[in-house]
Q: 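This is the structure I have questions about; it appears just below.
Residue numbers begin at 1 in each chain, while the letters A, B, ... track the order of the sequences.
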Amino acid sequence: MGEDLCSEYDVIVIGTGMTESIIAAAASRIGKRVLHLDRNDYYGGMWATFSFDALQRWLKECHNQDQKNITNFKNKTYISQDEILISCGSQSSVSNIDEQWFIPKNVPVNASENSFSKNEKNDFWDQEKIKNLSRKFNLDLAPKLLFSRGSLVDLLISSNIARYAEFRSVSRILTWYNGQLETVPCSRADVFSTKDVSVMEKRLLMKMLQLCAEYKPNGNEFKNFEKKTFADYLKSKELTENIVHYILYAIAMSSINTPCMTGVERTQKFLSSLGRFGNTPFLWPLYGSGELPQCFCRLCAVFGGVYHLKRTADSLVVLKTDMKSICKGIVSNDQFLSTHHLILNVSEAPSSFLQETFNEGLSRGIFITNRSIYSSEKESLTLLQFPYGIKNKPITVIEIGSSTHACPDGLYIIHMTCKQNTNATEDLKPAVEKLLEIEQIDLDPSHSASSGISGFAYDYEIYSGAIDMTNKENQEVKSVRPQVLWALYFNCLETSQCDLSVNVPSNIYLTSGPDADIDFEFAVKQAKEIFKKMYPNEEFLPRAPDPEELLLDDEEIISGDNNSSLTSTE
Amino acid sequence: MMSNIINNSSLQSNESFDFIFKIVLIGDCSTGKSCIVERFRNGTYNEPQPATVGVDFSIKTVCMHGKTIKLQIWDTAGMERFRTVTQSYYRSANGVIIVYDTTKRATFLNVQKWIDEARRNTGSNVLLFLVGTKCDLEDEREVELSEAEEMRDYIPEIMFVLETSAKENKNIDDVFFCLAEELKKKHDQMAILENAEEDRPVNISESKPISQCALICD
């Protein structure tokens, strides 16, 4: 360690989020010299996935960010005449952090032994136990799904980066209708097996979806609806109320204000991704969304890209002429590093590059719960577009269990995301109140509210899931809401709608953080566009060769049966 | 975790095999990780090597007790230089080889850090192996084998310690044979406990082009 970096690059990339990492991989893949830096000691920036402990450290850092001093480099040795030094920014992009525990710090052993021995299967959770299982958690700052036929799946396959990652398919899509959760029939099999929909409605649903799937720009079906909403169109088709609901909210993932053609396009996208990998159109990356930027970083490194975390640009060296300005390089740890192109995550951009203050944001919620929002025999991976957020903006809900390595056995992680209105806690309230139990669990009788011991027992029943079929035979298991053990709310910036090129030197490209959409399409699109600006005539991430293709000699099989010359034990 | 062991991925074309294991190499820069792999894979040795570029992983097939075992051996791609190996590198690894240079004490002192990192990012079933390199350079030796063995005794996760020389082809094959043997043993134990093939994760590079859409095509 401690060795200096080589000082000349074709591309310097600052930030290891999704967009930056794709660009780094693409540039390295065609032989460009790439240096990839990140100020943090982890990959991914606002796209990162954390263990429970790492998330706590991230929260602490967010709280301390305001006090961070930006060192002002007055050192002129790096620059010549006409060049100027611009200090890099460190925009604090996270706000309204609100972390809450709903379970006791730790439960005395005798309490859990005496009262709950009948219910041994229900693991008893306290804060200490969650913290001790820190590494079993993979908590996403920006949870995202992949459309099975979306641009990221295509890119992963065509570039051969797919071999670095594994996925699970989302197993069901739910919707909130008439005050309860319902499964949305996705596949043909679903449609025919569902009991929530009559035979007549099944035909209507199939016919409707077929119309959307077959839509071509010059067709007549959607004439006169170009300026109307998708909801208007669906209503004109004399569908029943629940069919309209399924299509509008769950399949087109729209709201009542979505324009008709947008709704049709989204429906098409949904339908075209069905049946490739599973029952629904979506895939979820094992170990979390934060794995994917790392896969692109790995490819970048395989082709010679240089990686350094905990290091960033302190300032940029910009040559200003009358006509335009050009970035010559960066100053990092007192070293001047020259580059032809500079990719900068927007959070690292000097404030003079940003023409406007950002006012769009995301509201995020992460919840650890003790059961699924909609229990079923097998562990499910669930997507729900909750239609009735603030001002009728939908709230995206993703629920994942231990089979995705998101959490320990017996727990679930629920992610909620919507566009920011006021703050995350308020914005997500409509969905939280309908789907989750957020009563404080207090197992210490002396602290329990006025009801004393009985209150304690009651709390435990809800908490542990003791209210099962046994207690309330007529009540279905699925209607018991999961108890939240821990919750985190925060807001972060959303810059996908901003023009990030206005005040920026011609060879610097700013990249956005996570956007509001459910998938990675925006990041892939932005990465492609920036790459094409830098290298208009080069191929974007051509297929990386398999190891067999690199080696000419035939693979021989060797036998290890008679080896025994080991220096050491077992 | 074990579910990806029987993983007939497209990379293996149509050759048949009984097991495939993912093995990752870690350890400080210039300890000779790539030389070990090259010697094992191709039976060759080149010195001095530039930092590894373009090599993602190597595949070598080993035959053992009548079973064909494919070893997928992953190299760090130079990411160890500033200790920036991605977590995703470790995912679903079955074995980890931690490499130190017997002629550079500092690389041995860093072994503990690599073990911590491996522990953080791998499953509980992963096997760790400690390998010293360049043992042909006896004059320059800075780490005794007894020290490495002591470390093995202290750290229960380490299965075994071996000193190697890629230059003189000493113990290189043994490292991988022993690994294959242990992994197979481990797998046999696990196979009794769980049905590994059920509920495998999706590997999208295995997908076949499917043109029909489940909903609309009759």
Q: Does a salt bridge link B:Glu182 with B:Lys185, judged by any charged N lying under 4.0 Å from a carboxylate O?
A: yes
Q: For A:Tyr43, is it the side chain, the backbone, both or neither that has a heavy atom under 4.5 Å from a heavy atom of chain B?
A: side chain
Q: At a heavy-atom separation under 4.5 Å, does A:Leu283 approach chain B through its side chain, its backbone, both, or neither?
A: side chain
Q: Check the surroundings of atom CZ in B:Arg105: do more than 12 heavy atoms from other residues, nucleotides or ligands lie under 6.0 Å from it?
A: yes
Q: Name the region of A:Leu286, side chain, backbone, both or neither, that has any atom closer than 4.5 Å to a heavy atom of chain B.
A: side chain
Q: By a 4.5 Å heavy-atom criterion (distance strictly below it), what part of A:Asp53 contacts chain B: side chain, backbone, both, or neither?
A: neither
Q: Taking only residues two or more places apart in sequence or in another chain, which ones pass side-chain contact (heavy atoms from CB on, under 4.5 Å) with A:Ala165?
A: A:Phe167, A:Leu292, A:Cys295
Q: Suppose we screen for ring-ring contact (aromatic ring centres under 6.0 Å, His included). Which residues come up paired with A:Tyr42, at least two apart in sequence or across chains?
A: A:Phe50
